[in-house]
Amino acid sequence: MDIERDAIAGTLESSDVLVRVSPHPVLEVDLTSAVEAQYGDDIRQLIDDTLRRLGVQAGRIVIEDRGALDCTVRARLEAAVARSTDQPLDYAALGEA
Amino acid sequence: MSKYAAVAEIPARSMMFVPASNASMLSTAAVYGADAFVFDLEDAVSPREKDSARLLAFHALQSPLWRGLDVIIRVNGVDTPQFEADIDAMVRGGAAAIRLPMVSDAAMVRHLDDRLTEREQAYGRPPGSVKIVAAVESAAGVANAIAIATASPRLSAIALAAFDYLVDMRAVRSPGGAELFYARCAVLHAARVAKIAAYDVVYGRVDDEAGFIAEAELAKGLGFDGKSLINPRQIPLLHRVYTPSEAETAKAEHIVAAAEAALAAGVGAINVDGAMIDNPVVDAARRVIAYAAAGRNR
């Protein structure tokens, strides 16, 4: 899945995360988080896993975290990527039933 | 264990709506103590956030936060562009039940049943494992309530929703609820015919505790198993209404004890303080005990 155009998902409210994606020749992730000191590595790992699962190999991903749960980070990131493309999301590939 | 000693199963009393687009509420609502939660993909979500809300609900369903809790998903209606994607995602996500809005006839339930069967098969889930709560919100829905409630073995409950129904009926909401009386009775009769649970309407004036309690007591007295809720403050109020008094609980325990003694003695007739009682009275007593236990828990 490629980032084809600018897209955004989420909010800057508490417990949420705002994700902005845009086309870029290489994959670049910019994370700011209120809990970066404690959970920064875990969040980066979660972001990497989610992008890998979506097949995103290039694009600029800007993430502003407001203490979101893992499930929220994944959902907002997937929403932003899906909005940046014309490909429908395949839920069968997104999680375990 | 005798048939009387068996613990009565009671349906959820509180069915609390949680907007699926609201990450903060999805992160905190699990602690509110409702018997069941409804992740709402429909009215609480703006059209441009439908995709994002669906993803949030999908992942929340699989989150440890919600594991073990009774979670229902209110999908968008069968005639909306979101319906197919909602069903696909929620069955894949592990939803235990779907609340279908704006059900006006049995065909809508059967359509959902077919789609659930197909998706269960696709994702390796046991056939028939995803239950349905049918929400009746129109004159046609109320008129067809029995057909709706008996349309599928997946039906676990039927719920009345007042806002659209009253618009359809050209009626106005009043404190006494006379304008909802026929609909409440029709939905209740349908539920009892189908042997499924029945849920009363949302009470929208969240700051009016006395009004909410009065309406909850009316619903309980009519026979509803609980209410749909939109504010967590209403959860303990509702549970209190459904919790029997100590005297009611003691009387129920006395009846069940007499029934168990009669069964142990091989006596067909059950005698409680000189009066003969029959099995429906014992069943009702068992439900009172179950509601008392639920009230102690939350």
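Letters go in sequence order (proteins before strands), and every chain restarts at 1. The figures that follow rest on heavy atoms only: side chains count, while hydrogens, waters and symmetry mates do not. Only a predicted model underlies this, so the values are computations on that prediction, with no experimental measurement involved.
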- [ ] May I ask you to say whether A/E78 pairs ionically with A/R83, meaning some side-chain N is under 4.0 Å from a carboxylate O?
- [x]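 Result for this pair is no, no salt bridge flagged.
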Open item on the list: Using heavy-atom distances under 4.5 Å, tell me whether A/S14 contacts chain B through its side chain, its backbone, both, or neither.
Closed with: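 A/S14 touches chain B through backbone heavy atoms alone.
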Task: Atom group of A/R76 that falls short of 4.5 Å from chain B, counting heavy atoms - done: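 For A/R76, the contact with chain B is made by the side chain alone.
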Which atoms of [X] come close to chain A, meaning under 4.5 Å heavy atom to heavy atom: side chain ones, backbone ones, both, or neither?
X     : answer
B/L65 : side chain
B/R48 : backbone
B/S63 : side chain

Task: B/R92 charged N/C atom sitting above B/Y123 aromatic ring, 6.0 Å / 45° - done: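 Pair B/R92/B/Y123 counts as cation-pi.
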TODO: Sort out for me which residue in B/K50, B/R74, B/R54 forms a salt bridge (charged side-chain N to carboxylate O under 4.0 Å, His left out) with B/D40.
DONE: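 Exactly one pass, corresponding to B/R74.
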Open item on the list: Return the OG to CZ distance between B/S21 and B/F39, rounded to the nearest 0.5 Å.
Closed with: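 Taking OG in B/S21 and CZ in B/F39, the distance rounds to 12.0 Å.
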Task: Heavy-atom closest contact (A/G40 atom, A/L31 atom, distance) - done: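 Scanning both residues, the minimum pair turns out to be O-CD2, 4.2 Å.
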